[in-house]
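Take a look at this one; I'll ask things after.
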Number of protein chains: 2
Amino acid sequence: MTIVQLEYIVAVDTYRSFVSAAEKCFVTQPTLSMQVQKLEDTLGVKIFDRTKQPVVPTEIGNDIIAQARVMLSEHQKIKEIISDRQKDLAGELKVGIIPTVAPYILPKIINQFIAKYPQVKLVVWEQTTEQIIQQLKLGMIDCGILSTPLHEPQLTETPLFYENFVAYVAKNSHLAKKKNINPDDINMEELWILNEGHCMRDQVLNICQRRKSSKGFQHFEYNTGSIETLKRMVDQNNGTTILPELALVDLTEKQLDKVRYFKSPEPAREISLVTQKNFIKRRMIDALKAEVLEFVPKRMKNKKKKDLIEI
Amino acid sequence: MTIVQLEYIVAVDTYRSFVSAAEKCFVTQPTLSMQVQKLEDTLGVKIFDRTKQPVVPTEIGNDIIAQARVMLSEHQKIKEIISDRQKDLAGELKVGIIPTVAPYILPKIINQFIAKYPQVKLVVWEQTTEQIIQQLKLGMIDCGILSTPLHEPQLTETPLFYENFVAYVAKNSHLAKKKNINPDDINMEELWILNEGHCMRDQVLNICQRRKSSKGFQHFEYNTGSIETLKRMVDQNNGTTILPELALVDLTEKQLDKVRYFKSPEPAREISLVTQKNFIKRRMIDALKAEVLEFVPKRMKNKKKKDLIEI
DNA sequence: TACAAACTATTGATTTTATCTATAGGCATG
DNA sequence: CATGCCTATAGATAAAATCAATAGTTTGTA
């Protein structure tokens with residue numbers, strides 16, 4: 001018997017359907033079905049009568065579900081013990097973060113963070129990799145969130161996640177017809193990239209192997225530090241740009257149609273939490289890290305089958 | 001967070017030691033240590049102060065452990081709901097079981113079974129495989145516990161466990177010097193075997209490939225239907241016999257010294273619960289099955305790396 | 001202060017478990 | 001009796017738990 005299995009039977013009881021219970025639990029229906037079966041096996045009794053439509057709990061199933069709800073509420077209290085304690089965390093935490101990561105992470109976690117740690121003042125600066133490294137060494141900020149490896153012996157890197165790069169392609173591009181693409185498929189002439197100073201600019205150029213051909217004429221040049229601006233350029237004009245995976249979260253259906261994934265191994269960047277070797281404020285930094293990790297999808301925490309692009 | 005992790009921290013709190021907590025939980029110390037660490041990671045707090053000897057819970061650790069005890073007691077109640085219901089099971093269950101399995105299974109489970117199911121009358125017959133098959137077909141018994149496969153289309157076999165054969169060797173035998181043995185190492189002249197009618201007799205002969213050589217003279221012949229008798233023959237005279245794994249459970253230290261395991265893949269028999277295709281009393285039979293499975297060690301439930309001997 | 005004993009942490013291999021995708025099977029309803 | 005909705009099953013893959021062996025700590029003792 002596992003806690004998850006209890007959550008599943010409570011969900012099936014609540015929604016009276018395996019399909020919708022599975023949705024609410026963020027798993028597929030077979031996963032949920034099998035776990036419910038397994039629980040029924042270990043207990044040796046049928047909990048649900050599936051011949052009825054909608055499904056109903058059996059007589060003994062009702063008793064079990066009621067007790068499962070009690071147990072889950074006691075389970076919840078363990079977490080509450082922790083969050084009460086977290087209120088103690090106090091002080092100022094200064095964070096440097098690169099602009100190609102910040103908009104896709106911070107807005108998602110900031111509310112939950114300040115609710116959990118009301119005594120902590122979070123001070124964030126959007127800065128380039130170079131600036132963050134300097135500030136860290138000088139002790140002007142407590143930690144940085146940026147793309148690694150940095151090869152800086154004075155600093156400690158703790159990987160948070162591995163983020164794929166994807167192509168974002170206008171309808172009329174030759175890439176739009178492909179399902180998955182190779183870096184080589186990209187014409188440098190139609191590629192929108194960030195201006196200098198951004199590590200992601202260098203990574204994008206690395207992906208495309210700096211094959212900037214001399215043929216063809218650049219009719220104009222555009223300098224921006226914002227990925228969102230590049231995306232709009234593709235939306236409203238044409239061409240192609242490269243987006244980090246987390247930028248896809250808020251896309252509309254229509255925009256998602258423009259996304260083309262790279263063939264495996266997909267190019268990716270490693271995003272890490274970086275601190276000085278001997279840093280203080282460990283608890284606050286751990287809290288920030290936990291918050292980020294909770295938001296990031298599980299698959300992004302695994303480095304396998306990715307082609308990490310250095311700066 | 002898993003239920004097992006909570007059991008582990010409660011055990012560490014109770015015994016104030018990772019080593020003895022692990023023993024009580026029937027796992028190794030590293031397993032327990034890692035699960036406790038993992039729980040501390042997911043909660044984001046240290047539960048135990050390991051710099052102290054003996055280990056003591058941290059301040060917040062005490063709160064967590066207290067809540068864990070509450071949760072585990074609610075967990076226990078789920079099982080109680082089931083066992084209350086089980087008291088309902090009533091009627092007579094007639095079971096046929098072969099004599100080479102019965103003494104190693106039934107005495108172990110019978111007390112717990114009648115305590116759990118006070119309304120059930122369990123009627124057991126020790127019989128040979130042939131007899132059990134006949135009785136099952138005639139509906140005179142409800143289920144059989146015997147060595148399979150039987151190749152009887154009218155009957156259904158549900159494997160319960162896979163039991164290795166081992167050699168039991170007198171001190172003065174040439175086998176006593178070996179650590180692990182091959183079936184070929186056994187001299188048929190010094191092998192004590194069951195009399196005819198026992199499926200295990202045929203299996204033992206199969207293991208030793210019926211290499212009964214003509215040289216050598218049998219000074220006497222002994223017929224018994226009891227494995228325990230064969231064992232005594234080895235203990236008090238000499239020679240070798242073959243025992244099923246479960247017969248080792250109650251051996252003394254001295255007797256265990258006489259056990260020689262076969263080299264992998266070890267010869268083994270499959271013991272199954274056998275019923276008619278369309279049988280009734282499903283709930284009682286399921287209950288009996290669950291009881292047996294609870295007693296059998298986990299490793300015996302896995303068929304891998306075993307050389308199943310047919311009858 | 002150094003040594004032995006007892007305890008906990010770490011590592012690498014192995015087994016077990018959970019999950020997903022794809023597909024089959026079952027039951028109500030028109 | 002077909003259609004659609006719902007649950008079960010199968011096969012593959014990824015993740016987690018466990019163990020045996022060993023390294024690293026701490027404590028008590030000489």
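Computed over heavy atoms, backbone and side chain alike; hydrogens, waters and symmetry mates excluded. Numbered from 1 within each chain, the chains take letters A, B, ... in sequence-line order. As the structure is a prediction and not an experimental result, all values here were calculated from the model.
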When you check the phosphate oxygens OP1 and OP2 of C/dT19, does a side-chain N or O of A/Tyr8 lie under 4.0 Å from one of them?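 True: A/Tyr8 side-chain N/O within range (under 4.0 Å) of C/dT19 OP1/OP2.
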B/Lys298 or A/Phe18: which one's nearest nucleotide on DNA chain D is closer to the 5' end?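 Mapping each residue to its closest nucleotide by heavy atoms, the 5'-most match is A/Phe18.
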So that I can tick it off, tell me whether B/Asp13 and B/Arg69 are bridged by a salt bridge, with the cut-off set at under 4.0 angstrom between side-chain N and carboxylate O.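 Yes, charged N to carboxylate O under 4.0 Å.
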Mind calculating the distance between CZ (A/Phe48) and P (D/dA8) to the nearest angstrom?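 Interatomic distance, CZ of A/Phe48 to P of D/dA8: 11 Å.
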Are a donor atom and an acceptor atom from the side chains of A/Ser147 and A/Gln203 found within less than 3.5 Å of each other?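 Indeed, the side chains of A/Ser147 and A/Gln203 share at least one donor-acceptor pair under 3.5 Å.
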Between B/Arg50 and B/Glu40, does any NZ, NE, NH1 or NH2 come within less than 4.0 Å of an OD or OE carboxylate oxygen?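 Salt bridge between B/Glu40 and B/Arg50, a charged N being under 4.0 Å from a carboxylate O: yes.
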Between A/Lys281 and A/Asp286, is the closest basic N to carboxylate O distance under 4.0 Å?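 Salt bridge: no.
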Within this structure, what is the CG-to-P distance between A/Leu32 and D/dT9, rounded to whole angstrom?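 Nearest whole value for this atom pair: 14 Å.
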What's B/Val27 touching, base or sugar-phosphate or nothing? Going by heavy atoms closer than 4.0 Å.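 Here B/Val27 touches the backbone only, sparing every base.
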Rounded to whole angstrom units, what separation is found between the CG atom of A/Asp41 and the P atom of C/dT16?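 In whole Å, C/dT16 P lies 18 Å from A/Asp41 CG.
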Round to a whole Å and report the spacing from CG of B/Asp49 to C1' of D/dT25.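 Those two atoms, CG and C1', are 13 Å apart.
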Would you call B/Glu266 and B/Arg260 a salt bridge, taking side-chain N to carboxylate O under 4.0 Å as the test?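 No, no charged N to carboxylate O under 4.0 Å.
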In this structure, how many angstroms lie between the P atom of C/dT8 and the CD atom of B/Glu40, rounded?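 In whole Å, C/dT8 P and B/Glu40 CD are 13 Å from each other.
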Hey, are B/Gln29 and B/Ser33 close enough side-chain-wise for a donor-acceptor pair under 3.5 Å?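 Present: a donor and an acceptor within the cut-off.
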Grab the CD-C1' distance between A/Gln35 and D/dA16 for me, whole Å please.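 Value for this atom pair: 13 Å.
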Output yes when A/Asp250 and A/Lys108 qualify as a salt bridge under the 4.0 Å nitrogen-oxygen rule, no when they do not.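 Here A/Asp250 pairs with A/Lys108 in a salt bridge, since their nearest N and O are under 4.0 Å apart.
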From CD of A/Glu23 over to P of D/dC6, roughly how many Å is that when rounded to an integer?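 Interatomic distance, CD of A/Glu23 to P of D/dC6: 10 Å.
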Salt bridge present between B/Glu74 and B/Lys77 (N-O < 4.0 angstrom):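 Salt bridge flag = yes for B/Lys77 with B/Glu74.
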Using a cutoff of under 3.5 Å, can you pull out all pairs of nitrogen or oxygen atoms linking the protein to nucleotides 10-12 of chain C, with atom names and distances?
| from | atom 1 | to | atom 2 | distance (Å) |
| --- | --- | --- | --- | --- |
| C/dT10 | OP2 | B/Gln37 | OE1 | 3.3 |
| C/dT10 | OP2 | B/Gln37 | NE2 | 3.2 |

N/O-N/O pairs, protein side and nucleotides 26-30 of chain C side, under 3.5 Å:
none

Could you pick out which residue, A/Gln5 or B/Ser17, lies toward the 5' side of DNA chain C when each is mapped onto its nearest nucleotide?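 Looking at the nearest nucleotide for each, B/Ser17 comes out on the 5' side.
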Can a side chain N or O of B/Thr28 be found less than 4.0 Å away from OP1 or OP2 on D/dT18?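 Answer no for this pair, as no side-chain N or O of B/Thr28 is under 4.0 Å from OP1 or OP2.
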Gap between atoms CZ and C1', on B/Phe26 and D/dT18 respectively (whole Å):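 Going from B/Phe26 (CZ) to D/dT18 (C1'), I get 16 Å.
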So, B/Tyr8 versus B/Gln35: side-chain donor-acceptor pair below 3.5 Å or not?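 B/Tyr8 vs B/Gln35: no donor-acceptor pair found between side chains.
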